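Worth saying up front: this structure is predicted, and the values here are computed from it rather than measured. Any value given below was found using the heavy atoms of this structure, including those in side chains, with hydrogens, waters and symmetry copies removed. A note on names: the letters A, B, ... follow the listed sequences, proteins ahead of strands, and every chain is numbered from 1.
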There are 2 protein chains.
Amino acid sequence: MGDTVPLLDRLVEALRCLPGVGAKTAQRMALHLLERNREGGRRLAAVLAEAVERIGHCRSCRTLTEDDECAICRSGQRDPAQLCVVETPSDLAAIEAATGYRGRYFVLHGRLSPLDGLGPAELGLGQLAERLDRGEVRELIIATNPTVEGEATAHYLAQMARARQVRPSRLAHGVPLGGELEYVDRGTLSLAFGTRVEVTD
Amino acid sequence: MGDTVPLLDRLVEALRCLPGVGAKTAQRMALHLLERNREGGRRLAAVLAEAVERIGHCRSCRTLTEDDECAICRSGQRDPAQLCVVETPSDLAAIEAATGYRGRYFVLHGRLSPLDGLGPAELGLGQLAERLDRGEVRELIIATNPTVEGEATAHYLAQMARARQVRPSRLAHGVPLGGELEYVDRGTLSLAFGTRVEVTD
């Protein structure tokens, strides 16, 4: 907006911290808030300030929570024998929304990636090892992403589990439901073909 | 994020007031701020709160400004005989950035659109009329958008100007520079063809 409204420039600049928001989008957002939705802007400022102060990590599973321990870890309804390891809180939310899983979680906040400075310590693997050492967990469900780094992390986690007599398991890979074979990527198709299962009824 | 972190849900909901941001994007933004850029989130909250409180409208030209009157209206360097009417502060910014225009502006914050409840009063046309009545302005440069409503507004503004012995002018329409004729829309091409100008040198 040129040099005429410094506060507006600062707002545009601040909005660029949002993912996928460049200079043009940030300007559109700033003007939208100021011209058409000041009430929304005021509410966003208040909620955002509160959220960055109050939301921390659960001391048991490391997911995001307002409390010391998250609702899932606190719940007596969840099976402590199953522990599902995910990369991010959104993966946790996706599994909660899609499946009827009743066990507990552990959130890595990333994947093993030495080049980005993410090693076992950053992912809280020491804390995970302690938890496995306590002997309560019997199955470690490894739900890292099927990327190169996610697979490497899965391999590492599986070794950790086996060393502690915990059974590691992995989400099934294959052709997604509702997809057409023609459009499934080669790697997935080849894997699904190789790991085909017998049809029984 | 399910029902586990109410404050996070409220943040996702609040982010949806941004234009073009749906549920999925809002969740990604919220997690990005909390997981990777709390400092940016904190700054955004502070700047946004300040901006919605402090940025108002210039009393002369109605553009956004932190002060009572904007920098352009306050400047003694701008020609008071030329007044450019635009729909939004971003149009003003675009003209400032692209042209060497040294006159002043008037911002409508919209265009005549009775169905949306935007009439002459909402666009501040009374204030514009007073300004034209003062006799200082000699040319009214109408830079509304070339849409149906923008054209109707331009027509209305031109009549206002003529009634007050002010010369109305309009941005030139035609083929954009750098475009290829093949891809120019029919209406523009037909207009540009009809209003062709003689080549002189």
Margin query: Restricting to salt bridge (charged side-chain N to carboxylate O under 4.0 Å, His left out), what partner residues turn up for D116(B), sequence neighbours left out?
Written below: none
Check: Just by modelled atom types, is the A161(A) backbone N or O under 3.5 Å from a matching donor or acceptor in the R164(A) side chain?
Finding: no
Checklist line | Where L83(A) and Y105(A) come nearest, the two heavy atoms and their spacing | finding: CD1-O, 3.5 Å
Next item on the list: Tell me, out of V21(A), T25(A), L11(A), who's got the most heavy-atom pairs with chain B below 4.5 Å.
Entry: L11(A)
Check: Given a strict heavy-atom distance threshold of 4.5 Å, which part of A97(A) is in contact with chain B: side chain, backbone, both, or neither?
Finding: neither
Next item on the list: Can you sort out the partners of E151(B) under salt bridge (charged side-chain N to carboxylate O under 4.0 Å, His left out), two or more places apart, ordered by chain and number?
Entry: R170(B)
Checklist line | Most contacts with chain A, counted as non-hydrogen pairs under 4.5 angstrom, among P19(B), A94(B), A49(B) | finding: P19(B)
Checklist line | Choice from A46(B), G41(B), G40(B) maximising heavy atom contacts with chain A below 4.5 Å | finding: G41(B)
Next item on the list: Against chain B, work out which of V47(A), N37(A), L34(A), L44(A) has the most heavy-atom pairs shorter than 4.5 Å and name it.
Entry: L44(A)
Checklist line | Which of R28(B), R10(B), R43(B) touches chain A most, by non-hydrogen pairs under 4.5 Å | finding: R10(B)
Next item on the list: Specify the closest pair of heavy atoms between L15(A) and A30(A), including all atoms of both residues, with the distance to one decimal.
Entry: CD1-N, 3.7 Å
Checklist line | Shortest non-hydrogen contact between Q27(A) and S90(B), atoms and distance | finding: NE2-CB, 3.8 Å
Notebook entry, point to check: Which residue, T153(B), T147(B), N145(B), forms the side chain to side chain donor-acceptor pair (under 3.5 Å) with E87(B)?
Noted result: N145(B)
Note to self: Measuring from atom CZ of F106(A) to atom CG of L140(A), what distance do you get when rounded to the nearest 0.5 angstrom?
What the structure shows: 10.0 Å
Margin query: What part of L33(B) gets within 4.5 angstrom of chain A, counting heavy atoms only: side chain, backbone, both, or neither?
Written below: side chain
Check: Under a 4.5 Å cut-off applied to non-hydrogen side-chain atoms, are L157(B) and M160(B) in contact?
Finding: yes
Check: Do the side chain of E130(B) and the main chain of Q127(B) share a donor and acceptor less than 3.5 angstrom apart?
Finding: no
Check: Quick one: do E96(A) and R104(A) make a salt bridge, cutoff under 4.0 Å?
Finding: no
Checklist line | Per-residue contacts, residues 108-115 of chain B versus chain A, heavy atoms under 4.5 Å | finding: H109(B)
Checklist line | Residues R131(B) and E136(B) bridged, charged N to O under 4.0 Å | finding: no
Notebook entry, point to check: How about D9(B) and E13(B): do any of their side-chain heavy atoms sit closer than 4.5 Å?
Noted result: no
Notebook entry, point to check: Which members of residues 52-60 of chain A, sorted by number, sit under 4.5 angstrom from chain B on a heavy-atom basis?
Noted result: V52(A), E53(A), R54(A), I55(A), G56(A), H57(A)
Checklist line | Heavy-atom proximity to chain B below 4.5 Å, by part of E35(A) | finding: side chain
